[in-house]
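Inspection log for the structure reproduced underneath, given as structure tokens.
A quick note: this is a predicted structure, and the numbers were derived from the prediction, not measured. We use all heavy atoms of the structure for the numbers below, so side chains are in, but hydrogens, waters and symmetry mates are not. Indexing begins at 1, ligand by ligand and atom by atom, following the structure's order.
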Amino acid sequence: MASCCNCSKKGLLLRTNKQGVCKECQPKVAAEIDKHSEVIYEDMHVHERSVEKAEKLAACDRLLASAEILVKYENWGYTTCSPPAKLVLDEYTGFRKDLVDE
Ligand SMILES: [Zn+2]
């Protein structure tokens, strides 16, 4: 029996895509991926260009929160942002730590 990994709906007639998401959830998941990818791209720029520590930290926080959400979708088999959210999460967790330790 198929079940949707986004809304947990189950049923004999439920159709899911190869990532295990039902038809109803597919556009929602696609919109979430777009939204959080945008946040990541924007905050990568902020982090790169900003000279203020507080601003860099805020960018890291927003970016990491979005990356965590995208990692969930990547685990389902989706392609999200580029570089993949998993790498973004690792890399910026390190950057954030360096900022705090400075
Ligand atoms: Zn669903």
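Counting heavy atoms from C-beta on, the side chains of Glu74 and Pro84 come closer than 4.5 Å. Ser66 places none of its side-chain heavy atoms less than 4.5 Å from the side chain of Glu42. Looking only at side-chain heavy atoms (C-beta outward), Cys60 and Asp43 stay at 4.5 Å or farther from each other.
Counting Ile, Leu, Val, Met, Phe, Trp and Tyr side chains that sit under 4.5 Å apart, directly or through other members, Val100 shares a hydrophobic cluster with Leu57, Leu99.
Excluding water, every protein N/O/S atom under 2.8 Å from the Zn ion (ligand 1) is given here by residue and atom: Cys4 SG, Cys7 SG, Cys22 SG, Cys25 SG.
Among all heavy-atom pairs drawn from Thr16 and Cys22, the shortest one is CG2-N, 3.9 Å.
Look at Lys35 and Glu32 and you find a salt bridge, because one of the NZ, NE, NH1 or NH2 atoms lies within 4.0 Å of a carboxylate O, short of that distance.
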